[in-house]
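What follows is a short report on a single structure.
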Number of protein chains: 2
Amino acid sequence: MAAADLTTRARIRDAAIHRFGADGFAASVRSIATQAGVSPGLVIHHFGSKDALRAACDEYVLQVIRESKSRALTPGSASDLLAQLADVEEYTPLVAYMVQGMLAGGDLAVAFLDQMIADAEGYLATGVEAGTVRPSRDPAARARYLVLANVGALLLHVRLHPPVDGDYAATIRELTALTAVPALEIFTEGLLTDRTMLDSYLVYVPDPPRR
Amino acid sequence: MAAADLTTRARIRDAAIHRFGADGFAASVRSIATQAGVSPGLVIHHFGSKDALRAACDEYVLQVIRESKSRALTPGSASDLLAQLADVEEYTPLVAYMVQGMLAGGDLAVAFLDQMIADAEGYLATGVEAGTVRPSRDPAARARYLVLANVGALLLHVRLHPPVDGDYAATIRELTALTAVPALEIFTEGLLTDRTMLDSYLVYVPDPPRR
DNA sequence: ACGGCAATTGAACACACGTTTAAACTCCTG
DNA sequence: CAGGAGTTTAAACGTGTGTTCAATTGCCGT
């Protein structure tokens, strides 16, 4: 995110990602222009409108995250994707932007979460084959639940303990420190001592997964 | 939320809860005034400012939710509080408002979640005593994780499948249908087959709970 | 070197917002 | 019945917004 040798258009895009991520999508065009060291009119000249600028940011963020995933990141744990990204200083603004995107809803959030769920389902299936993960009655639903619960917990934690100076890495480490033990505890030992709740729900809704 | 025999001030407050819940806190004073059948100036006359109006809504929503909890609601499952509230037509706007409040962050969200976490810890402790819930190395952290994960999943689900015509009850039922099986599965059978992940994390951070 | 084209700017526009103000209305009290 | 306090409204104000426009700058090819 260095201001070096970038197209003006790219500098404006990066500034927009920065401000949207820090202030939400109500951030003004003028504040973005200031951050980019540019006049407000030029922002519109390059992107047409604020909405189009946001759409361009959405697309760019999604593309960079997709690329980064195939690169250096350790695979295997889908729910830590954002945590790993936040640790790389260059990617921190993308994490902040993605968080705002999920808080605001819209196509970006849908696309990101759908991909995350699909990835998680793959990781879980690999684990099942390797014998480290228990099989599920409905692997797709389990992957969806795990992603929604863990990403959702991240969103709430960010709202309860907002990053100072945009330091998402510290906030996410804080979340990990708070939730790793209870999460691992539940994942390895369970929460309930008997099967009555599960069994009674299964006879109530006995539908098998439909794919 | 009927428009009958209420103080004008109360009618404006209810209209504000309705519009804030439906459109977020960017909802305009004018739209609230229209919904209440009143002029914009009167809204400010009664509450002083838009921020003060929101503060009054925060306080009122929190108070009503606290009262309703001691009443007819089935105790025992803290994470279903919002689901049970959404099923009562009268309370649906409060649920929508609360969702927006958590998405926006702020004191309302902190107060609500803190209370929810405290309640969950109580329910879990009761379950542990009764032998239906497994004990935890850190009961407070477990309660916090469970609330953040389940409420967070609710927030994300609402953003992915927005309620039509404010029908939060249907959206939440949809979420339950999608996540009940995987959640119960994980809670009774666990997710991992061996203890290596948990044990290795415990030696890495062997701190016992500090209270 | 110069004409042309894209980049860029500063000023302005139209609009929506929260809020203010003065006047009208309502209703209870003396 | 008079009057005053509280309620309510319509209109206006000031500000910030996204966007437009004409003018200026800077660069590149011929």
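Each chain gets a letter, A, B and so on, in the order its sequence line appears, and its residues count up from 1.
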May I ask you to evaluate whether A/Thr8 reaches the phosphate of C/dA7, defined as a side-chain N or O under 4.0 Å from OP1 or OP2? no
Side chains of residues 24-32 of chain A: which donor-acceptor partners sit under 3.5 Å, not counting sequence neighbours?
from	atom 1	to	atom 2	distance (Å)
A/Ser28	OG	A/Ser31	N	3.0
A/Ser31	OG	A/Ser28	O	2.8

Check: A/Arg144 side chain, B/Thr179 main-chain N or O, donor-acceptor pair, under 3.5 Å: no
Please check this pair: side chain of B/Ser49 against backbone of B/Ala52, looking for a donor-acceptor N/O pair closer than 3.5 Å. yes
Non-hydrogen atoms of A/Ile12 and A/His46 that approach each other most closely: CD1-CD2, 3.9 Å
Within residues 30-39 of chain A: residues closer than 4.0 Å to DNA chain C (heavy atoms): A/Arg30, A/Val38, A/Ser39
Between B/Leu42 (CG) and C/dT21 (P), how many Å, whole number? 17 Å
Working note: A/Leu81 + A/Ile65, criterion side-chain contact (heavy atoms from CB on, under 4.5 Å); need CA distance, chi angles, decisive distance, verdict. CA-CA 9 Å; A/Leu81 200 170; A/Ile65 287 185; 4.3 Å; yes
For DNA chain C, what residues of residues 43-58 of chain B have any heavy atom nearer than 4.0 Å? B/Ile44, B/Ser49, B/Lys50
Tell me, please, which residues at least two apart from A/Asp114 pass salt bridge (Lys or Arg N to Asp or Glu O under 4.0 Å). none
Residues that B/Arg9 engages under salt bridge (Lys or Arg N to Asp or Glu O under 4.0 Å), provided they are two or more places apart: none
Which one, C/dC17, D/dT19, C/dA7, comes nearest to the side chain of A/Pro40? D/dT19
Where B/Ala15 and B/Gln35 come nearest, the two heavy atoms and their spacing: CB-CG, 3.6 Å
Hey, does the side chain of A/Arg134 reach the backbone of B/Leu192 with a donor-acceptor pair shorter than 3.5 angstrom? yes
Using whole Å, report how far CZ of B/Arg9 lies from P of D/dT8. 12 Å
Non-hydrogen atoms of B/Ala169 and B/Asp87 that approach each other most closely: CB-OD1, 3.7 Å
Students should find that the end-to-end axis angle of the helix from C/dA1-D/dT30 to C/dG30-D/dC1, with five pairs defining each axis and rounding to 10 degrees, is 10°
